[in-house]
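Presented below is the structure to which this report refers.
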2 protein chains.
Amino acid sequence: MRNAEFDREKVLRAAMKAFMHKGYAKTSMQDLKKATGLHPGSIYCAFENKRGLLLAALEQYRLDRKTEFEQFFANSTLVLVNLKSYLDNVVAECISCDSAQACLLTKALSEIADQDSEIQRVISDNLSMLQQALAEKFEQAKVEKSISADKDCHHLARYFLMGIYGLRTFAYTHPEAKVLEQLAEQLYHDVSQ
Amino acid sequence: MRNAEFDREKVLRAAMKAFMHKGYAKTSMQDLKKATGLHPGSIYCAFENKRGLLLAALEQYRLDRKTEFEQFFANSTLVLVNLKSYLDNVVAECISCDSAQACLLTKALSEIADQDSEIQRVISDNLSMLQQALAEKFEQAKVEKSISADKDCHHLARYFLMGIYGLRTFAYTHPEAKVLEQLAEQLYHDVSQ
DNA sequence: CTCTATCTTGAATGTGCATTCAAGATATCG
DNA sequence: CGATATCTTGAATGCACATTCAAGATAGAG
């Protein structure tokens, strides 16, 4: 007889931001209330508890990143060129560092995966999907003759993803554009050569 | 008129392990008491507070890793060969994953650096020293004619370190020996070619 | 316009935590 | 062996937090 008033996606994106900024443990319900505009009771009603909110935020993150990823390849340019754009975007995120720009997945992974196997699985699946998507792009690059036919696309995808993880961690200590761009350049070179 | 009874290094290594395992926030004084064998009062007397214990543990970690690093190069083999051994050791650590084997530095970095600029600085300095040490090894490899003279050794060191960060994060989701070894192999190839 | 099912609100609850501190223990010195 | 400075102990303190819940508000049905 009455509908919820809040916009679920907006709430989840606000929660994401809060979790990325302070980490899961240090983000209090107070913080989440401020970030989402939802009172504790509403959060508990909609998401069961703080952990439930994180799980929902992780799922929204996955959807948002999937959309973002696909947009980078939604044109007729060579797939490798788009891949480089995608990588440049990661670097740009690292530089703009509110430090809230860290990847929610890796942040959550290092903080809580050890303690909570369900969250561990959700995050791992999430990252595996990205890896799979990358592998498909490399396959396409093979079809386009951008990379040689004897390459192992799954290996390339893993290496590329490893590079992105490393880039993000590196940016914590050296958020200088020039250095990060140089690293990204070499990473791109090493997967496309 | 009376000396402290505990072994400072042992206590710090126990604290390290605890912090690596659960993260800083989730490691309670209770946990630290269990891990170190020290009662709260003694911890506060020796290290001021929980944060002081982390800082002390970070310093001990730096010393331990420095020693470990130097041992890998304490022979007359070609420096690049030793570098590969060092990398293989990182992989081995990742595989043996108690999941307490994550690097204390990157774990602490992602958890608390944003919130505490002193700890941020300590960790950054710590990682910069490793980067510097790696750069010197690449310089030596140049002297040994293992790599070409026109390489930028600092860039190689940064790229190598980035790879190690990435490898460690990757291992959270894929702790399979074969995959990690393959990634390490390519990383080594890309910095030594 | 009324009634009711549902949503919103935020104060109250209980728990777990970092930190303190005073009493007890003990090594060292004279 | 006694005196004392220092260390050890762990219960007590107070605070911050996640979670609950009952009272208040409001949309929609009739």
Side-chain angles (χ1 to χ4, degrees), chain A residues 1-58 104 107-108 111-116 118-119 122, chain B residues 1-58 104 107-108 111-116 118-119 122:
Chain A
M1 293 211 140
R2 198 188 157 195
N3 297 320
E5 281 167 10
F6 63 88
D7 176 338
R8 191 183 160 92
E9 287 194 10
K10 268 190 192 166
V11 164
L12 289 178
R13 293 208 183 92
M16 263 182 232
K17 229 179 177 172
F19 284 137
M20 280 191 273
H21 193 59
K22 286 197 162 193
Y24 178 72
K26 277 241 187 83
T27 303
S28 67
M29 289 306 289
Q30 194 90 272
D31 294 330
L32 290 169
K33 179 187 159 188
K34 226 177 282 176
T36 62
L38 252 53
H39 289 250
S42 302
I43 294 179
Y44 278 79
C45 181
F47 304 104
E48 179 102 28
N49 54 26
K50 188 179 162 187
R51 182 174 173 277
L53 180 58
L54 175 69
L55 281 167
L58 284 170
L104 179 58
K107 185 132 187 167
E111 182 178 351
I112 31 181
D114 289 348
Q115 321 293 322
D116 188 322
E118 185 187 353
I119 290 181
V122 167
Chain B
M1 296 212 136
R2 198 187 157 194
N3 297 320
E5 282 167 9
F6 63 88
D7 176 338
R8 193 184 158 91
E9 289 193 9
K10 268 190 190 165
V11 164
L12 288 178
R13 294 208 183 92
M16 264 182 231
K17 228 178 176 173
F19 285 137
M20 281 191 272
H21 193 58
K22 286 197 162 193
Y24 178 72
K26 276 240 188 83
T27 303
S28 67
M29 289 306 290
Q30 194 90 274
D31 294 330
L32 289 169
K33 179 185 159 188
K34 227 177 281 177
T36 63
L38 253 52
H39 288 251
S42 303
I43 294 179
Y44 278 78
C45 181
F47 304 104
E48 180 103 28
N49 52 27
K50 188 179 163 188
R51 182 173 173 277
L53 180 59
L54 175 68
L55 281 167
L58 283 169
L104 178 58
K107 184 131 189 169
E111 182 178 352
I112 32 181
D114 289 348
Q115 322 292 323
D116 187 321
E118 186 188 353
I119 290 181
V122 167

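Residue numbering restarts at 1 for every chain, and letters A, B, ... go by the order of the sequence lines. Side chains included, hydrogens not; waters and symmetry mates left out as well; all remaining heavy atoms used.
- D:dT9 atom C1' lies 18 Å from atom NZ of B:Lys34, rounded to whole Å.
- For the pair A:Gln30 CD and C:dG10 P, the interatomic distance rounds to 12 Å; values are reported in whole Å.
- Taking atom NZ on B:Lys33 and atom C1' on D:dA11, their separation rounds to 10 Å, with Å as the unit.
- Distance from the side chain of B:Ser28 is smallest to C:dA18 among C:dT19, C:dA18, D:dT19.
- Distance A:Leu32 CG to D:dT19 P: 11 Å, rounded to the nearest Å.
- Once rounded to the nearest 0.5 Å, the distance linking CG of A:Leu55 with CZ of A:Arg51 reads 5.0 Å.
- Residue A:His39 has no polar side-chain atom (N or O) positioned under 4.0 Å from OP1 or OP2 of C:dT8.
- One finds a side-chain N or O of A:Tyr44 lying less than 4.0 angstrom from the OP1 or OP2 phosphate oxygen of D:dT19.
- The two residues B:Ile119 and B:Leu58 come nearest to each other via the heavy atoms CG2-CD1, 4.3 Å.
- B:Ser42 comes within 4.0 angstrom of a nucleotide base, judged by non-hydrogen atoms across all strands.
- The main-chain N or O of B:Thr27 is found under 3.5 Å from a side-chain atom of B:Lys50 such that the two form a donor-acceptor pair.
- Here the side chain of A:Phe6 is nearest to one of C:dT19, D:dA18, C:dT8, namely C:dT8.
- Per the geometry, CE belonging to B:Met29 stands 11 Å off C1' belonging to C:dT20, to the nearest Å.
- Between the CG atom of A:Leu54 and the P atom of D:dA18 there is a distance of 13 Å, given to the nearest Å.
- Side chains of B:Leu32 and B:Phe19 form a contact here, defined as non-hydrogen atoms less than 4.5 Å apart.
- The main-chain N or O of A:Gly23 is never found under 3.5 Å from a side-chain atom of A:Glu111 such that the two would form a donor-acceptor pair.
- Where A:Gly41 and A:Tyr24 each meet DNA chain D at their nearest nucleotide, the meeting point lying more 5' is that of A:Tyr24.
- Going from atom NZ of A:Lys50 over to atom P of D:dT19 covers 8 Å, rounded to whole Å.
- As rounded to whole Å, 15 Å separates atom P of C:dA18 from atom CZ of B:Arg51.
- When the nucleotides D:dA18, C:dT19, C:dC17 are ranked by their closest atom to the side chain of B:Pro40, C:dT19 comes out on top.
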